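Because the structure is a prediction, the values reported are computed rather than measured. When reading the values below, keep in mind they use all heavy atoms of this one structure, side chains included, and skip hydrogens, waters and symmetry mates.
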Amino acid sequence: MAVTLKVTDGEEGEWAVLRVSGELDLVTSPVLRQRVHDAVADGRRSLVLDLSEVLFCDSSGVGVLIATRRLIRSCQGRLRLILPAQGAIDGSHVNRVLAALGVRRLFDVYPDVPTAVADESSPLSA
């Protein structure tokens, strides 16, 4: 049975929240890319990507995350990722992939959505 990607829209105050679950790969990553572009086109400049339920992420998924960072920065926005240490099954797969590729430090990472949208919160260390 193929695992697909599901992206759910939400809002937490001024933050647009995209909750992502499933597999973020060559076939499914365009779905997330489009949802990010839709949020920005709607005027959203503060974006949280909740990746805690992503079971698999390949290089095309990482590419979408880096492109999202570039897009949000180009419009003076804010991007925060949810990559909990304990995520889907045995830990956040995306967290491990980003760390292995040496790009995790590019992102402001938080353990959960409430912490990410709180103005006084600080990101987890890389």
| Would you say Thr115's side chain and Pro111's backbone share a donor-acceptor pair under 3.5 angstrom? | no
| query | Between Ile82 and Leu49, is a side chain to side chain contact (heavy atoms under 4.5 Å, CB included) present by the stated rule, with each step listed? | reply | CA-CA 6 Å; Ile82 307 303; Leu49 293 180; over 6 Å; no
| request: Applying side-chain contact (heavy atoms from CB on, under 4.5 Å) between Leu51 and each of Val109, Leu98, Leu83, Leu18, report the one that passes. | output: Leu83
| Under 3.5 Å, side chain of Asp58 to main-chain N/O of Gly61, donor-acceptor pair present? | yes
| message | Nearest 0.5 angstrom please: Lys6 NZ to Ser21 OG, how far? | response | 6.0 Å
| request: Could you walk me through whether Arg44 and Glu11 pass the salt bridge (charged side-chain N to carboxylate O under 4.0 Å, His left out) test, one step at a time? | output: CA-CA 10 Å; Arg44 303 312 299 253; Glu11 289 187 18; 3.0 Å; yes
| task | Could you tell me the separation between the OG1 atom of Thr68 and the CZ atom of Arg73, rounded to the nearest 0.5 Å? | result | 13.5 Å
| After noting the C-alpha distance and the side-chain angles of Phe107 and Arg80, does the key distance pass the side chain to side chain contact (heavy atoms under 4.5 Å, CB included) rule? | CA-CA 7 Å; Phe107 299 97; Arg80 296 180 176 177; over 6 Å; no
| task | Please identify each residue that fulfils salt bridge (charged side-chain N to carboxylate O under 4.0 Å, His left out) with Arg69, with sequence neighbours left out. | result | none
| message | As an exercise, state the distance from CG of Leu65 to SG of Cys57, rounded to the nearest 0.5 Å. | response | 5.5 Å
| field | Spacing of His37 atom NE2 and Gln34 atom CD [to the nearest 0.5 Å] | value | 7.0 Å
| request: Apply side chain to side chain contact (heavy atoms under 4.5 Å, CB included) to the pair Val20 and Asp50, showing each step before the final yes or no. | output: CA-CA 6 Å; Val20 185; Asp50 182 350; over 6 Å; no
| Within a strict 4.5 Å, meaning less than it, do heavy atoms of the Val48 and Glu12 side chains meet? | no
| task | Step through the shown structure and confirm whether more than 12 heavy atoms of other residues, nucleotides or ligands are within 6.0 Å of CZ on Arg78. | result | yes
| For Ser60 and Leu26, which heavy atoms make the closest approach, and how far apart are they? | OG-N, 2.9 Å
| request: State plainly whether one hydrophobic cluster holds both Leu79 and Ile66, where clusters connect Ile, Leu, Val, Met, Phe, Trp and Tyr through side-chain heavy atoms under 4.5 angstrom apart. | output: yes
| What is the distance from atom CZ of Arg70 to atom CG of Leu106, rounded to the nearest 0.5 Å? | 10.5 Å
| Do you reckon Val64 sits in the same ILVMFWY cluster as Val27, going by side-chain contacts under 4.5 Å, direct or chained? | no
| task | Kindly compute the distance separating CZ (Arg45) from OG (Ser74), expressed to the nearest 0.5 Å. | result | 8.0 Å
| task | Give a yes or no on whether Phe56 and Leu81 share a hydrophobic cluster (residues Ile, Leu, Val, Met, Phe, Trp, Tyr; joining criterion: side-chain heavy atoms under 4.5 Å apart). | result | no
| Test applied, side-chain contact (heavy atoms from CB on, under 4.5 Å); reference residue, Val54; option that passes from Leu32, Val94, Thr28, Asn95 | Val94
